[in-house]
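For reference, the structure is listed below as structure tokens.
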Amino acid sequence: MTSVRLRLLVLALAPLVLLLPLLLILGMMRWTADYDELLIAKVESDLRIAEQYLARIMVQTGDDLNGVAESVDFAGVLDLPEATQNAFFARKRAELDLDFLYYLPTDASADAARRWPVIDTGVNGDSATRIDIFSSDKLRGLDVGLADRARIDLIDTEAAVPTDRVVEDRGMVVHSASPVQMAGHSGVLVGGILLNRNLNFIDTINALVYLNAVTGGELQGTATLFLDDVRVSTNVRLFEDVRALGTRVSAAVRGAVLDEGQTWLDRAFVVNDWYISGYLPIEDSFGERVGMLYVGFVEAPFTAAKNAAVWWMVAAFAGVLLLSVPVFLWMARGVFAPLEGMTQTMRKVGQGDFSARNGNVRRRDEIGQVASHLDDLLDQVQDRDRKLRAYADELNLRVDQRTAELRTANEKLEETYRQLVMSEKLASIGEITAGVAHEINNPVAVIQGNVDVIRESLGQGAAQVETELNLVDRQVMRIQAIVGKLLKFARPSEYSDYDERVPLASVIEDCLVLVDHVLTKGQVTVQTTLEEVPVVRADPGELQQVVINLIMNAVQAMEHKGELTLRLTPETREGVAGASLILADTGPGIPADKLGSVFDPFYTTKQAEGTGLGLSISQALVQRAGGLISARNRKEGGAEFTVWLPEAAANSMAAQ
């Protein structure tokens, strides 16, 4: 901050720029907290409305049942045949929107009372209506259709408590019983409503609480009835026309509501969106928590409204700030003008005009004193400049002497640099020489393996080992080729390129023949998938060297037992067509912290056996052919190496 104008402006605007935003942030935090509390209060009120509607359904069911139990029609039906009674009950179920209605005489009701507290209350002469959970067999005994309606397939739900269940076949019912005391008859009239898939019940709650959601308002609310933690009646949607029946509540909500008996009033993720949610535990006639009643509305519109309010306040603050800056600048112009004059004087002095002065600024205040003092200082500077010029000639002479010394030192530095380059080249040649020594081990191993075969086969005649003898000859020639590559690498200008158009499939098949004794000697199975791929331009011997090295490394990593997979497939990279050879094993894989080092010279995991140059040399050979080699660990275990080479035409163009 070098401008005095800017400093004074910042000083003047600091209260506005710092304190007002702080107050704004604190106010927005308090407002946001109050806003969130208001949303929680809203969903709590919605939950109470839903609870009252459920209570009203239960009261109405009990009242309707009492009306039937005390009616003259019912008294007359009790003496009629069973078919007439069933027709009467069916008619009343339809009139009262009940899912089941039946009469238990005193003897039967006494037995049922031992199972259901609701019926026990009816046996004792009082009416009772509670929520109860009926088993699938109980529902089927009442009506096969009820058992089918109650059955809901469970849908795997993220964050829910893990379960082995795949279906919920129990039914949550409004269970009501009324005592029957008539001449010649005594017992209990039992009826109720199945709440599973009772969409009319749940949609009515939603309409009562969130009527504007039906007409397309922004408050998008939903209601749900849970049996345990499973949605058995809901208007929450999985898709546009599919309700989320069978989905389950999160483990956090279940623990708070069902396990601890709390009422949940907070935000929660419901199926596919965040809702301001209220969950109320539901108890059955035994006093056990068996389900939950839920209402909630989508949080997104309210979050958007809060964000809009925040941005509006930020914009208003920015507007005030933009209006304030010009006003402060206008008021401070009288202070800034003399200061800017002094700045101009100093700029001229900096450009070499030592005669520049402020002159009389016609001010008696502190700024005028500073201007006068600055002129005095400039007089002193001008005098010292004359003295400095006298010293310049002497200094230039000394600089020339120093320059000559530096030139000599620079020549010595360049000579040292050339020596370092030569040392680096010698080190590279040494590395390649060590690599050749390492790579000779592979064909020697093949030679030794085939010699063993010859020894085992000589008993039946030398004619049977003709193929193995030919392989020995090829590998001796390959050793000579490796030595030739060393010389080519050390003095590339003395050798011409001898790359060929190579079909990769035949190279891979030849390599498998060469290492067949290593594979069969152990317990290694080979799976090959050789798709039709473009031919590539490379040295066949170098490609064979790379493939055999990768196969031998894989076999050693698997400790000579496992499965080796080779897959050849066409692949285009960055618009260049080519072919990829993917070689995977079932060994322990590469340590994660060493993946970036596997191609470094002398890196090895075979401390007592390898030199650590095989992969480094393989990388150099692949890159020389214009390709890439990479390594990774497979998810199912083991390491995977990928060798990609461009097709022959693309490789040729790149070389040109």
Side-chain angles (χ1 to χ4, degrees), residues 50-135 138-147 149-150 171-196 198 200-201 204-205 208 225 233 282-287 290 293:
E51 181 185 14
Q52 291 170 8
Y53 178 73
L54 179 59
R56 194 183 90 180
I57 292 293
M58 296 173 64
V59 171
Q60 183 177 349
T61 302
D63 292 343
D64 291 344
L65 206 63
N66 285 335
V68 174
E70 297 172 358
S71 67
V72 176
D73 292 342
F74 177 63
V77 164
L78 291 178
D79 294 323
L80 297 178
E82 182 177 354
T84 304
Q85 293 181 17
N86 291 338
F88 173 80
F89 289 141
R91 187 174 70 255
K92 286 299 180 181
R93 283 200 305 270
E95 291 176 359
L96 302 178
D97 287 332
L98 298 177
D99 289 313
F100 60 90
L101 179 66
Y102 60 91
Y103 170 70
L104 288 175
T106 300
D107 295 340
S109 61
D111 180 62
R114 288 192 292 271
R115 297 192 301 270
W116 300 106
V118 170
I119 297 178
D120 182 53
T121 302
V123 170
N124 293 328
D126 293 324
S127 299
T129 303
R130 297 298 299 272
I131 297 293
D132 273 321
I133 307 302
F134 283 8
S135 67
K138 173 68 174 177
L139 292 172
R140 189 172 287 103
L142 295 173
D143 187 342
V144 175
L146 291 180
R149 200 174 98 196
M172 177 178 282
V173 300
V174 176
H175 196 192
S176 182
S178 295
V180 176
Q181 297 292 337
M182 297 183 178
H185 297 282
S186 65
V188 178
L189 184 63
V190 182
I193 301 171
L194 177 63
L195 298 179
N196 294 40
N198 196 327
N200 181 57
F201 161 76
T204 301
I205 291 180
L208 287 173
L225 187 68
S233 186
I282 296 177
E283 295 184 353
D284 63 2
S285 59
F286 296 94
V290 295
L293 180 63

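All values below come from the heavy atoms of this structure, side chains included, with hydrogens, waters and symmetry mates left out. Each residue takes its place number in the sequence, starting with 1.
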- Between Ser233 and Asn198, do the side chains contain an N or O donor and an N or O acceptor separated by less than 3.5 Å? no
- Query: Distance-only, no hydrogens or angles: does the Asp143 side chain make a donor-acceptor pair with backbone N or O of Leu139 under 3.5 Å?
  - Reply: no
- Task: Look only at the side chain of Glu283 and the backbone of Val290, and say whether a donor-acceptor pair between them is shorter than 3.5 Å.
- Result: no
- Using atom types as modelled and distance alone, determine if a side-chain donor or acceptor of Asp284 lies under 3.5 Å from a backbone N or O of Gly287. yes
- Is the number of heavy atoms from other residues, nucleotides or ligands under 6.0 Å of Glu95 CD greater than 12? yes
- Query: Would Lys138 and Trp116 satisfy side-chain contact (heavy atoms from CB on, under 4.5 Å), going step by step from the backbone distance to the final call?
  - Reply: CA-CA 12 Å; Lys138 173 68 174 177; Trp116 300 106; 4.2 Å; yes
- Working for salt bridge (charged side-chain N to carboxylate O under 4.0 Å, His left out), residues Asp99 and Arg149: CA-CA 11 Å; Asp99 289 313; Arg149 200 174 98 196; 3.2 Å; yes
- Item | Where Leu98 and Leu65 come nearest, the two heavy atoms and their spacing | CD1-CD1, 4.5 Å
- Message: So Leu189 and Val68, do their side chains get closer than 4.5 Å, heavy atoms only?
- Response: yes
- Main-chain N/O of Asn200 paired with Thr204 side-chain donor or acceptor, under 3.5 Å: yes
- Could you give the distance from CD1 (Ile119) to OG (Ser178), rounded to the nearest 0.5 Å? 11.5 Å
- Parallel, tilted or perpendicular: ring planes of Tyr103 versus Phe74, cut at 30 and 60 degrees: perpendicular
- Message: Under the criterion side-chain contact (heavy atoms from CB on, under 4.5 Å), I'd like the reasoning laid out for Asp132 against Phe286: C-alpha separation, chi angles, the key distance, then a yes or no.
- Response: CA-CA 8 Å; Asp132 273 321; Phe286 296 94; 4.3 Å; yes
- Item | Taking every non-hydrogen atom, the tightest pair across Val118 and Ala128 | CG1-O, 3.5 Å
- Note on the structure: In Val190, Thr129, Thr61, Ile133, the residue satisfying side-chain contact (heavy atoms from CB on, under 4.5 Å) with His175 is Val190
- Aromatic plane relationship, Phe100 with Phe134 - under 30° parallel, 30 to 60° tilted, over 60° perpendicular: tilted
- Heavy-atom closest pair (Ala150 atom, Gly171 atom, distance to 0.1 Å) is CB-CA, 4.1 Å
- Task: Calculate, to the nearest 0.5 Å, the distance between atoms CZ and CD1 belonging to Arg93 and Ile193 respectively.
- Result: 12.5 Å
- Rounded to the nearest 0.5 Å, how far does CZ of Phe201 lie from CG of Leu54? 4.5 Å
- Query: So do the side chains of Met58 and Ile131 get within less than 4.5 Å of each other, counting heavy atoms only?
  - Reply: yes
- Phe89 ring centre to Lys92 NZ or CZ under 6.0 Å, with the angle to the axis within 45°? no
- Query: Between Val173 and Leu195, is any pair of side-chain heavy atoms under 4.5 Å apart?
  - Reply: no
- Side-chain heavy-atom pair Leu225, Leu293 within 4.5 angstrom cut-off: yes
- Note on the structure: In this structure, CZ of Arg91 is separated from CG of Asn86 (nearest 0.5 Å) by 12.0 Å
- Query: Without hydrogens or angle criteria, can the side chains of Asn66 and Ser127 be said to hold a donor-acceptor pair below 3.5 Å?
  - Reply: yes
- Heavy-atom pair with the smallest gap, counting every atom of Ser176 and Gly62: OG-CA, 3.5 Å
- Query: Out of curiosity, Asn196 CG to Met172 CE, how far, rounded to the nearest 0.5 Å?
  - Reply: 7.5 Å
